Amino acid sequence: MARSATVAPPVPPLADLILPWFDAQARDLPWRRAGTTPWGVMVSEFMLQQTPVARVEPVWTRWMTDWPLPSALAAASRADVLRAWGKLGYPRRAVRLHEAARVIATEHDDVVPSDVDILETLPGVGSYTARAVAAFAYRRRCPVVDTNVRRVVARAVHGRGAAGPARTKADLVDVEALLPADEPAAARVCAGLMELGAVICTARNPLCGVCPARGACAWHAAGHPAYTGPRRPPQGYAGTDRQVRGRLLDVLRDTSMPVEKAVLDAVWSDAAQRDRCLDSLLVDGLAEQLADGRFRLGCAP
DNA sequence: TACCCGTGGGG
DNA sequence: TCCCCAAGGGT
């Protein structure tokens, strides 16, 4: 039986390395500041879905000034919401946030729910956003899994270079295992895992040399083996319906007066694709057609 | 599950 | 230039 004087050096759990680093180094993002309401957190999470922090900051700040409560946003027109959303991309997120605000105002007394299952019933709120609101707005002990966390866990816990295909349930279990019992501390660990993935443990050129977690990182210990798993096919953009919809919407956002179809026809030469995209914008409620045939930004309730 | 949905910056 | 990526959700 081993009884040497040297006790096996306790490898500090990931959380113990990440917490002090996060407390000292976390970026000063506006929605992290004291006094941010759960509504403010929720708005930031919607905007941050697939959109970089730098582009969200100014829009979020203005948004919270104009619509500090869900009921305030609910009272705005969809067109005003879409214009305020500006060029954050994926404008259907703005419509869903608008709809979620109405549900919160009318069915939850203007208070953002704190329960994950209730949050997930809101339009545009999926597993990630529901958990992010519960953890960051209400300090709940609730595993939060986004693309950053998946990458950090893949590396630090499993020694793989990248996360690979989604393994939703397993990711939740993995993160849950990293969380301390204390609720607010657990919420900070979730934020810290995301922060680490965003600024240190990045997809390309991770900064392992200054990583606070490298002492507990399986990938680092293994010598940074390259990722060998399946890669998702490139998405592409040029020539897609997404690009055409973006151009059409760009016209409608920038005009206060309804426009003739000829104005929209000018943004894309392929008539069939252009008409298909315009129709899809109508279906999505992002655009609407007046009785006189002209078009404008969607104004639905 | 795979694909669709915007936009712009960096390597 | 081109490709990859960025706090996902809906279908």
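Bear in mind the structure is a predicted one, so any value in this text is a computation, not a measurement.
Checked against B/dG11, C/dG8, C/dA7, the side chain of A/N205 finds its nearest nucleotide in B/dG11. In the set B/dG11, C/dG9, C/dA7, the nucleotide with an atom closest to the side chain of A/Q49 is C/dG9. Comparing B/dC5, C/dC4, C/dA7 by their nearest atom to the side chain of A/R92 picks out B/dC5. Listed candidates were C/dC5, C/dG9, B/dG8. Nearest to the side chain of A/Y128 is C/dG9. Here the nucleotide nearest the side chain of A/Y237, chosen from B/dG6, B/dG8, C/dG8, is B/dG6. Taking every side-chain heavy atom of A/R245 into account, B/dG6 is the closest of C/dA6, B/dG6, B/dT7.
Straight-line distance from the CZ atom of A/R55 to the C1' atom of C/dC5: 10 Å, rounded to whole Å. Nucleotide C/dG9 holds its C1' atom 15 Å from the CG atom of A/L48, rounded to whole Å. Straight-line distance from the CG atom of A/D284 to the P atom of B/dC5: 9 Å, rounded to whole Å. Between the CZ atom of A/R247 and the P atom of B/dG8 there is a distance of 12 Å, given to the nearest Å. Taking atom OH on A/Y90 and atom P on B/dC3, their separation rounds to 14 Å, with Å as the unit. Here B/dT7 presents its P atom at 13 Å from CD of A/Q235, a figure rounded to the nearest Å. For A/L249 and B/dC4, the CG to P distance is 19 Å, given to the nearest whole Å. Put simply, CZ on A/R253 is 10 Å from P on B/dG6, counting in whole angstrom units.
A distance of about 16 Å separates the C1' atoms of B/dT1 and C/dG8, rounded to the whole Å. For the C1' atoms, the distance from B/dG8 to C/dT1 is 16 Å, rounded to whole Å. Straight-line distance between the P atoms of C/dA7 and B/dG11: roughly 15 Å, to the nearest whole Å. For the P atoms, the distance from C/dC2 to B/dC5 is 22 Å, rounded to whole Å.
Side-chain atoms of A/R274 do not come within 3.5 Å of backbone N or O of A/V244 as any donor-acceptor pair. The backbone N or O of A/Y237 lies less than 3.5 Å from no partner atom in the side chain of A/R242, so there is not a single donor-acceptor pair. No donor-acceptor pair closer than 3.5 Å links the side chain of A/R78 to the backbone N or O of A/G298.
Residue-level contact check: A/Q243 touches neither bases nor backbone, having no heavy atom under 4.0 Å from any strand. Across all strands shown, A/A203 has heavy atoms under 4.0 Å from sugar-phosphate atoms exclusively, and none from any base. Using a 4.0 Å heavy-atom criterion, one finds that A/W60 contacts no nucleic acid atom at all. Within the 4.0 angstrom heavy-atom criterion, only backbone atoms of the sugar-phosphate kind lie near A/P91; the bases stay farther away. Across all strands shown, A/G89 has heavy atoms under 4.0 Å from base atoms, whether or not it also approaches the sugar-phosphate. Using a 4.0 Å heavy-atom criterion, one finds that A/L29 contacts the bases of the nucleic acid, with or without backbone contacts as well. Using a 4.0 Å heavy-atom criterion, one finds that A/R151 contacts the sugar-phosphate atoms exclusively. A/T240 comes within 4.0 angstrom of nothing in the nucleic acid, heavy atoms only. Note on A/D241: only backbone sugar-phosphate atoms sit closer than 4.0 angstrom, heavy atoms only; bases stay farther off. A/S44 comes within 4.0 angstrom of no nucleic acid atom, judged by non-hydrogen atoms across all strands.
Considering only side-chain N and O atoms, A/K87 lies nowhere under 4.0 angstrom from the phosphate OP1 or OP2 of B/dG6.
Between A/L88 and A/A166, it is A/A166 whose nearest contact on DNA chain B lies nearer the 5' terminus. Nucleotides of DNA chain B nearest to A/R93 and A/R204 differ in position, and the one nearer the 5' end is that of A/R93. Where A/G124 and A/E195 each meet DNA chain C at their nearest nucleotide, the meeting point lying more 5' is that of A/E195.
The side-chain heavy atoms of A/R245 and A/R92, taken from C-beta on, include a pair separated by under 4.5 Å. Contact annotation: the side chain of A/V263 approaches that of A/V251 to within less than 4.5 Å [non-hydrogen atoms, C-beta and beyond].
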Step-by-step salt bridge (Lys or Arg N to Asp or Glu O under 4.0 Å) determination, A/D174 to A/R167: CA-CA 10 Å; A/D174 284 346; A/R167 36 196 287 282; 3.3 Å; yes
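Contact annotation: side chain of A/T51 to base of B/dG6, donor-acceptor pair present below 3.5 Å.
Tested against A/L48 for a side-chain contact (heavy atoms from CB on, under 4.5 Å), the candidates A/V56, A/L88, A/L29 yield a single pass: A/V56.
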